[in-house]
Amino acid sequence: MNNITKLLLASSCVFLTAQAVQARDFTIAGWGGNYQDAQREAYFQPFADAKGLKFIETTYLGGLAEVKAMADSGNVTWDLVIVEGADLQLGCDEGLFETIDWETIGGKAQLNSHAVQPCGAGNVVIGNGFAYSSKAFPEAPKDWSDFFNPEKFPGKRGMRNSPKMNLEYALLADGVPPEKVYEVLATPEGVDRAFAQLDKIKNLLQFWEAGSQPVEWLSAGNVTMSTAYNGRIITAKSEGRPLEFVWKNHIYNIDVWAIPAKSPYKKEALEFLKFANSAEPQAKFSSLMPYGPTNLEAAKLLPAETLERLPTGKNIADALFFSDAFWIDHSDELTERWNNWSTR
Amino acid sequence: MRNAHRGRIAALLLLVVPLTIYIAVYVAPLLSIVSLSVDNGALSNRFVQLSEAIGSDDQDQRAAALLHDLASMDARERAEAARMLNQELGGFRSLVIDTGKAAEKIDPTMAGLVAFDARWKERAYWDVLSRNLASFTWRHFQKATGFKPDETGRLRLAEGDDIYLRIMARTLLIALQVAVLTLLIGYPLAYAAANGSRRLSGFILTVVLLSFWTSILVRTTAWVVLLQSDGLINNLLLDLRLITDPLQLIFNRFGTVVSMTHVLLPFAILPMMNVMKTIPKTQVDASRSLGAGSIETFLRVYFPQSLRGVFVGGGTVFILSLGFYITPALTGGPGDQMVSYYIAEFVKKSLNWGMASALSVILLLSVVVLLLLGAGAKRLFGGRVVEA
């Protein structure tokens with residue numbers, strides 16, 4: 001056999017295997033990093049082992065572009081994806097996600113009421129606050145007014161390049177009580193007020209894209225304070241980094257499992273939701289990654305020192321629940337204003 | 001004779017195949033992007049009755065038409081229409097979805113609509129609807145350029161609406177800065193690689209190709225490590241006591257331009273080097289023997305001939321820079337993001353593909369215009385360069 005025939009044979013083998021993979025394995029899309037590592041240990045692997053199922057993972061970066069492309073092209077390559085609440089609502093209305101029959105999968109009573117959605121099951125409670133480098137200041141910053149006070153707490157600030165949550169933080173810093181934030185933000189004067197606060201630290205801002213960046217920047221001294229997810233900061237702190245997370249008036253939201261429409265593994269995905277909704281794996285996940293459970297029984301399975309690290313109990317006593325409904329209506333116009341403001 | 005004819009037909013047929021593939025993979029997506037940027041079918045096809053009634057003076061007729069249209073959409077179509085209307089006016093989404101769900105129960109008069117939701121009294125919502133009943137729309141281009149028609153129909157640029165124009169100008173400026181820098185750094189390197197000893201040119205080629213083959217993400221992150229506040233460069237300067245406080249070298253324009261220049265350097269060096277290699281060394285010798293000094297020889301004999309490589313290299317770097325977004329996102333500040341960053345935002349985050357397409361079309365057009373200007377300039381000054 002000459003070399004060319006060998007090459008042809010080899011490439012046709014590759015081609016055929018590629019074709020065979022088309023009948024693909026159960027595919028789960030998550031946010032990557034140690035968040036997804038903890039999910040694998042607490043949910044994916046135990047579930048796959050119990051069902052004798054093979055699964056593969058992929059990374060998801062937010063938004064609905066991929067899911068919409070799957071629905072438009074009919075080539076559905078994901079069976080489960082963990083999305084933010086606003087994207088769940090948008091996708092659900094436009095038929096991008098399967099609807100969930102809560103009567104069949106059951107367990108509704110044990111869940112936080114925000115977790116029970118027509119197209120998804122809320123699974124992970126995330127605390128969005130700010131963190132600071134404990135080496136940066138003699139006196140620790142305590143709340144949002146300190147974050148927006150460059151005279152008392154000098155240095156650069158990390159923030160996500162989006163109006164979401166940042167406008168809420170600005171109003172909280174301006175003294176708006178948490179329960180009034182969305183009421184104020186719905187008025188043009190409220191939006192002006194938020195941007196006026198943001199103006200105070202505008203020349204100090206540095207925008208992050210991924211949740212790991214605040215940890216790196218704070219550790220390297222690029223910024224002295226940064227908005228951040230509680231999980232990233234608390235994990236880094238327990239690894240010995242000099243970081244502190246501020247719980248006061250933080251905003252918490254829920255990440256939701258959803259099933260892309262026409263997934264060939266819909267049955268398995270629904271079984272996964274049932275498993276993910278139960279208390280034991282949720283408690284296991286929270287002990288690995290400091291995000292909160294949505295199953296109300298899960299907290300009872302956790303020791304007090306773990307609960308102190310989670311957005312739950314006394315940590316959310318003065319917190320604000322993120323309003324997906326507000327942002328679905330106002331994201332377009334406020335993002336435009338934000339971009340206009342941030343690029344000037 | 002006949003055979004030759006047949007051969008020509010066969011050759012033609014063989015050419016048709018790659019041409020068709022080319023059109024399919026290049027021109028077709030381009031056309032679909034252009035059509036996406038002006039297509040308004042998702043709205044016009046769904047408000048059929050309203051588009052007939054919108055001109056009528058009878059408020060109730062308009063209200064009834066709207067309710068009829070909303071009721072005849074399924075939930076999915078309604079949500080898509082609502083999302084698009086919301087891009088024009090915040091809050092429209094929930095208004096359309098709530099009204100749509102209850103459309104059959106609402107009294108089909110203006111009073112009935114307003115009683116269901118007082119927002120229907122406001123003119124702004126009706127204005128947005130009436131602007132979007134044609135199957136074709138300029139609204140994405142209006143938003144992208146900031147030029148909107150006022151009451152009298154004249155195009156006007158309102159303050160604060162020029163955001164994407166500013167970003168486009170910034171994109172062109174950064175691309176130009178990067179192109180000039182890569183040429184300034186690349187030219188001597190390409191010269192050394194083309195004319196130096198075998199060992200030197202091998203060394204330069206290896207270094208250039210090594211960085212060429214390393215992932216953009218890795219090279220960009222390396223710059224973050226080098227330039228950040230307690231990065232290598234700042235620590236070195238602090239240790240040498242040249243500075244007392246760390247310099248801000250990254251997350252600003254400086255960091256963006258430096259990292260982009262590094263990433264794109266090979267695209268400038270390789271074409272320049274290839275052109276320089278074709279310049280016969282004997283010409284330089286001839287020029288020297290005719291009495292020209294080394295500087296004069298370089299300026300009048302060598303440099304004009306190497307310009308073709310400079311244009312190709314600089315042009316490639318410029319065009320590639322226009323599409324950059326990962327590198328500025330990681331090494332730039334808020335004022336350094338380029339237009340691709342916003343295109344990606346519209347595609348991924350806000351699902352506003354019309355707006356993303358409009359910005360892409362504008363970017364593409366500005367490149368075409370620049371190329372035409374370049375070609376024109378070449379025609380005007382091209383002869384003079386050779387003469388000189």
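Proteins get letters first, then strands, A, B, ... in listed order; numbering begins at 1 in each.
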Practice problem: Let me see the working for A:R241 and A:E216 under salt bridge (Lys or Arg N to Asp or Glu O under 4.0 Å), right down to the final yes or no. | Solution: CA-CA 10 Å; A:R241 305 230 196 173; A:E216 296 308 322; 3.7 Å; yes

Quiz item: Do the side chains of B:L217 and B:L330 get nearer than 4.5 Å, heavy atoms only?
Solution: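 Yes, at least one pair of side-chain atoms sits under 4.5 Å.
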
Self-check item: Close side-chain approach of B:S350 and A:T335, heavy atoms under 4.5 Å
Solution: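 Result no, sub-4.5 Å side-chain heavy-atom pair not found.
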
Practice problem: Check whether the ring centres of B:W353 and B:F346 lie less than 6.0 Å apart, and answer yes or no. | Solution: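 No, the ring centres sit 6.0 Å or more apart.
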
Quiz prompt | A:W217 ring center near B:F251 ring center (under 6.0 Å) | solution =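 Judged by ring-centre distance (under 6.0 Å), A:W217 and B:F251 do meet the cut-off.
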
Quiz item: Which residues satisfy the side-chain contact (heavy atoms from CB on, under 4.5 Å) test with B:N45, sequence neighbours excluded?
Solution: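 B:N45 satisfies side-chain contact (heavy atoms from CB on, under 4.5 Å) with no residue once adjacent residues are dropped.
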
Exercise. Please name all residues satisfying side-chain contact (heavy atoms from CB on, under 4.5 Å) with B:E122, sequence neighbours left out, ordered by chain then number.
Key: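 B:E122: side-chain contact (heavy atoms from CB on, under 4.5 Å) contacts with B:R119, B:Y125.
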
Practice problem: Return the option, out of B:K348, B:Q248, B:E77, B:R93, with the maximum number of heavy-atom pairs under 4.5 Å with chain A. | Solution: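 Option with the top pair count is B:R93.
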
Practice problem: Sort A:E94 into side chain, backbone, both or neither according to what part of it lies under 4.5 angstrom from a heavy atom of chain B. | Solution: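 For A:E94, backbone and side chain are both near chain B.
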
Quiz item: In terms of heavy-atom proximity below 4.5 Å to chain B, should A:R344 be classed as side chain, backbone, both, or neither?
Solution: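 Both parts, backbone and side chain.
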
Exercise. Under 4.5 Å, heavy atom to heavy atom: which of residues 337-345 of chain B reach chain A? Give them by number, or say none.
Key: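 Those residues of residues 337-345 of chain B which have a heavy atom under 4.5 Å from chain A are B:Y341, B:Y342.
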
Quiz item: Who in residues 78-91 of chain B is close to chain A, using a strict under-4.5 Å heavy-atom cut-off?
Solution: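 Hits under 4.5 Å: B:A79, B:E80, B:R83, B:N86, B:Q87, B:G90, B:G91.
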
Self-check item: Under 4.5 Å from any heavy atom of chain A - which part of B:I167
Solution: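 It is the side chain, since no backbone atom gets that close.
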
Quiz item: Relative to chain A, which segment of B:D162 carries a heavy atom at a distance below 4.5 Å: side chain, backbone, both, or neither?
Solution: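 Side chain only.
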
